[in-house]
Participant: 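Sending over a structure as structure tokens; questions will come in a sec.
For this chain, numbers begin at 1 and follow the sequence in order. Only heavy atoms go into these numbers, but all of them, side chains included; no hydrogens, no water, no symmetry mates. Being a predicted model, the structure only gives us computed values, none of them experimental.
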Amino acid sequence: MRLAWLSPAAGNSGIVEFSRQVLPAVARYAEPELWSHGAPQTPPPGIPVIDYASDPEALLRLASYDAVVYHLGNHLAFHRAEYDAAVRVPGVVVLHDRTLHHFFAGYYVTYLRRPDLYLARMTALYGERGREVGEAVIAQRGEQSWQRPDEVLEHAFIEDALANALGAVVHSAGHAAAVSERWAGPLVHLPMPAYDSQLALAPAAPPERSAGTPITLMSVGHVDRSKQILTVIEALTSAPQLAARVRYFVVGQYDPRNPYVRDLHRTIADAGLADKVTLLGYESPAALQHHIASADVFLNLRFPNLESGSASLMEQLASGRPVLAYDSGAYGELPDGTVVRVPAGDTEALLAALDGLVRDAGLRERTGAAGRAHAESRRVDAYAQALVNFTGDANAWRAKRRLADSVGEKLRGLGLRPTDPAVAS
């Protein structure tokens with residue numbers, strides 16, 4: 001099977017790394033080519049690369065492939081080229097995020113310069129509340145557009161992302177349920193794999209701790225509000241005895257001018273935690289591996305949890321260290337015992353769970369071992385084989401999609417609305 005794989009291939013993106021890690025396994029079951037809009041930074045070994053930014057006419061050849069796979073995420077700059085191609089040539093779409101609202105808001109408002117189209121889609125898909133949020137976004141009121149932090153998940157633009165799709169791939173069961181409510185095509189839930197390169201590193205033995213040596217807590221990833229770093233700092237501020245027993249490192253890129261980052265630095269200083277909490281910023285892959293090996297406990301607290309699956313979670317599980325997470329999204333679907341979970345937003349539960357992990361070395365060891373065992377069960381090879389099989393099966397949707405679109409056009413021509421009983425029939 002000749003397979004075209006359209007994905008971002010340059011920049012600091014988890015999806016770039018996903019393609020680099022997964023494509024060699026796909027090559028065991030198909031003949032993939034990486035189609036990138038620009039030269040890849042580190043192309044996957046042995047995989048042919050087509051840079052369609054330098055040859056836009058190359059997209060005309062996509063229709064000759066046995067399967068086309070598009071990778072979409074909630075970032076306009078990274079994924080606009082893939083989306084534009086998906087609109088032209090049907091294929092299987094991998095939805096890496098549970099919502100693509102910010103992508104489509106940027107696509108309609110910033111790229112097409114058609115805020116009226118964005119507002120029309122928000123109204124058509126999500127009714128009066130969608131229109132209200134759309135107007136607030138256009139007015140640049142940012143996060144004030146949503147009454148709840150997770151309300152953005154309700155405006156996910158699934159229909160627009162999959163308008164020309166032959167199939168959809170997601171990385172969590174909850175995301176699959178949300179997609180199936182809004183789209184009737186072939187859908188498969190493939191849990192995010194742990195990369196072979198991560199599993200090849202045997203978990204390092206926990207650092208020896210003498211009495212009074214701080215326990216190392218660590219959060220990894222781009223620093224933004226959804227990582228709940230400020231929540232952790234405020235929790236430590238409220239529990240000085242716990243704070244005295246830990247060091248908290250945040251490893252990930254951040255903009256020092258960002259208001260949220262300024263809030264982090266101000267809170268750290270006001271609480272007198274400068275010797276306890278450190279924002280390390282971006283670190284090279286080698287330095288990141290060193291930090292991961294030195295951690296005692298990972299804090300992977302996402303709220304709202306906008307990812308379909310989490311590569312950082314799988315890396316942390318593979319490290320053999322315990323992970324403390326909110327009970328939401330893909331994190332809430334992990335087997336009991338593989339992570340320590342607390343309800344999202346419950347600071348008291350967060351403090352109790354953190355205190356237990358800091359005090360109990362046995363709990364850290366048991367949870368880390370269970371997480372490592374789960375990571376070993378999530379192999380890239382199995383993911384790649386299932387994905388290739390699904391792309392072949394999804395081709396059967398072509399005729400059904402054409403029929404459904406034809407019927408839809410005729411119903412619209414008759415002046416019927418989506419809520420009319422005849423449409424449901």
Side-chain angles (χ1 to χ4, degrees), residues 59 70-91 93-168 170 175 177-185 187 304 306 308 397 401-425:
L59 290 175
Y70 300 99
H71 293 266
L72 296 185
N74 197 25
H75 193 289
L76 178 64
F78 276 147
H79 297 283
R80 181 180 62 79
E82 287 77 29
Y83 175 71
D84 282 340
V87 169
R88 296 174 60 179
V89 180
V93 175
V94 181
L95 295 172
H96 286 269
D97 290 306
R98 294 167 67 195
T99 179
L100 270 69
H101 169 271
H102 299 341
F103 171 89
F104 279 101
Y107 189 81
Y108 289 124
V109 177
T110 304
Y111 175 60
L112 295 182
R113 299 185 183 278
R114 292 290 305 275
D116 58 313
L117 289 181
Y118 164 68
L119 196 58
R121 295 305 293 151
M122 284 289 284
T123 305
L125 294 174
Y126 310 113
E128 179 62 20
R129 178 58 185 158
R131 183 190 63 77
E132 292 174 0
V133 171
E135 289 177 342
V137 169
I138 291 172
Q140 297 185 335
R141 295 202 292 272
E143 294 184 6
Q144 298 174 24
S145 307
W146 286 275
Q147 293 175 347
R148 310 184 318 270
D150 61 340
E151 190 182 359
V152 66
L153 295 171
E154 297 171 12
H155 307 115
F157 275 85
I158 291 166
E159 295 87 345
D160 286 20
L162 301 177
N164 200 34
L166 298 177
V170 296
H175 192 194
V179 171
S180 65
E181 290 179 359
R182 313 289 302 198
W183 189 69
L187 171 67
L306 304 183
S308 185
W397 180 248
R401 185 178 60 85
R402 284 195 296 268
L403 174 61
D405 286 348
S406 174
V407 172
E409 291 292 342
K410 288 179 170 57
L411 292 172
R412 184 165 64 180
L414 292 172
L416 296 177
R417 300 178 62 82
T419 54
D420 289 332
V423 175
S425 176

Participant: How would you list, by chain and number, every residue that makes a side chain to side chain contact (heavy atoms under 4.5 Å, CB included) with R129, sequence neighbours excluded?
Facilitator: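 Here the qualifying residues are E132, V133, Q147, E151, H155.
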Participant: Quick check for you: to the nearest 0.5 Å, what is the distance between I158 atom CD1 and E181 atom CD?
Facilitator: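 CD of E181 is found 8.0 Å from CD1 of I158.
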Participant: Side-chain contact, heavy-atom cut-off 4.5 Å: V109 with V137?
Facilitator: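 A side-chain contact under 4.5 Å is absent here.
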Participant: Would you indicate whether the side-chain heavy atoms of M122 and E135 approach each other to under 4.5 Å?
Facilitator: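 Contact flag for E135/M122 side chains = no.
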Participant: Is any side-chain heavy atom of L95 closer than 4.5 Å to a side-chain heavy atom of S308?
Facilitator: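 No, every pair of side-chain atoms sits at 4.5 Å or beyond.
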Participant: Enter the distance from E154:CD to H101:NE2 here, rounded to the nearest 0.5 Å.
Facilitator: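 One finds 12.0 Å between CD of E154 and NE2 of H101.
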Participant: In residues 401-408, what donor-acceptor pairs under 3.5 Å come from side-chain atoms, sequence neighbours left out?
Facilitator:
unit_1: R401; atom_1: NH1; unit_2: N164; atom_2: OD1; d: 3.0
unit_1: S406; atom_1: OG; unit_2: K410; atom_2: NZ; d: 3.4

Participant: Enter the distance from R182:CZ to E159:CD here, rounded to the nearest 0.5 Å.
Facilitator: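 Rounded to the nearest 0.5 Å, the CZ-CD separation comes out at 4.0 Å.
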Participant: What residues form a side chain to side chain donor-acceptor pair (under 3.5 Å) with R417, not counting sequence neighbours?
Facilitator: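 Not a single residue meets the side chain to side chain donor-acceptor pair (under 3.5 Å) criterion with R417.
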Participant: R113: which residues meet the salt bridge (charged side-chain N to carboxylate O under 4.0 Å, His left out) condition with it, sequence neighbours left out?
Facilitator: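 Testing R113 for salt bridge (charged side-chain N to carboxylate O under 4.0 Å, His left out), a comparison that skips the adjacent residues, returns none.
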Participant: How many angstroms lie between atom CG of L414 and atom CG of L411, to the nearest 0.5 angstrom?
Facilitator: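 Those atoms lie 6.5 Å apart.
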Participant: Output all residues satisfying side chain to side chain contact (heavy atoms under 4.5 Å, CB included) with R88, sequence neighbours left out; order by chain, then residue number.
Facilitator: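 Side chain to side chain contact (heavy atoms under 4.5 Å, CB included) check on R88 returns L59, L60.
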Participant: Where do S145 and A136 come nearest, in terms of heavy atoms and distance?
Facilitator: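 Distance-wise, the nearest heavy atoms are OG-CB, 3.6 Å.
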Participant: Identify, with sequence neighbours excluded, every residue that meets side chain to side chain donor-acceptor pair (under 3.5 Å) alongside T99.
Facilitator: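 Applying side chain to side chain donor-acceptor pair (under 3.5 Å) to T99 gives none.
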Participant: Test of understanding: with side chain to side chain donor-acceptor pair (under 3.5 Å), list the residues that count as partners of Y108, not counting sequence neighbours.
Facilitator: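 Per chain and number, Y108 pairs via side chain to side chain donor-acceptor pair (under 3.5 Å) with D160.
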Participant: Tell me the closest heavy-atom pair linking G167 and W183, and the distance in Å.
Facilitator: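 Closest pair (atom of G167, atom of W183, distance): CA-CH2, 3.7 Å.
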Participant: Would you find a donor on one side and an acceptor on the other, under 3.5 Å apart, between the side chain of Y126 and the backbone of A156?
Facilitator: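 Yes, the answer is positive, given that a donor and an acceptor are paired below the 3.5 Å cut-off.
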Participant: In Å and rounded to the nearest 0.5 Å, what is the CG to CG distance from L72 to L100?
Facilitator: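 Rounded to the nearest 0.5 Å, the CG-CG separation comes out at 6.0 Å.
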Participant: With side chains defined as the heavy atoms from C-beta onward, is the minimum distance between Y70 and V89 less than 4.5 Å?
Facilitator: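 The answer is yes; the side chains approach within 4.5 Å.
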Participant: Search all heavy atoms of A161 against all heavy atoms of V93 and return the closest pair with its distance.
Facilitator: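 Taking A161 first and V93 second, the nearest heavy atoms are O-CG2, 4.2 Å.
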Participant: What donor-acceptor contacts under 3.5 angstrom involve side-chain atoms of residues 73-82, with partners at least two apart or in another chain?
Facilitator:
unit_1: N74; atom_1: OD1; unit_2: H102; atom_2: N; d: 3.0
unit_1: N74; atom_1: OD1; unit_2: F103; atom_2: N; d: 2.9
unit_1: H75; atom_1: ND1; unit_2: A77; atom_2: N; d: 3.3
unit_1: H75; atom_1: ND1; unit_2: F78; atom_2: N; d: 3.3
unit_1: H79; atom_1: ND1; unit_2: H71; atom_2: O; d: 3.1
unit_1: H79; atom_1: ND1; unit_2: G73; atom_2: N; d: 3.4
unit_1: H79; atom_1: NE2; unit_2: G73; atom_2: N; d: 3.4
unit_1: R80; atom_1: NH1; unit_2: D84; atom_2: OD2; d: 3.1
unit_1: R80; atom_1: NH1; unit_2: Y111; atom_2: OH; d: 3.1

Participant: Please name all residues satisfying side chain to side chain donor-acceptor pair (under 3.5 Å) with R412, sequence neighbours left out, ordered by chain then number.
Facilitator: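 Partners of R412 under the side chain to side chain donor-acceptor pair (under 3.5 Å) test: E409.
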Participant: F104: which residues meet the ring pair (Phe, Tyr, Trp, His ring centres under 6.0 Å) condition with it, sequence neighbours left out?
Facilitator: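 Counting only residues at least two positions away or on another chain, F104 forms a ring pair (Phe, Tyr, Trp, His ring centres under 6.0 Å) with Y83, F157.
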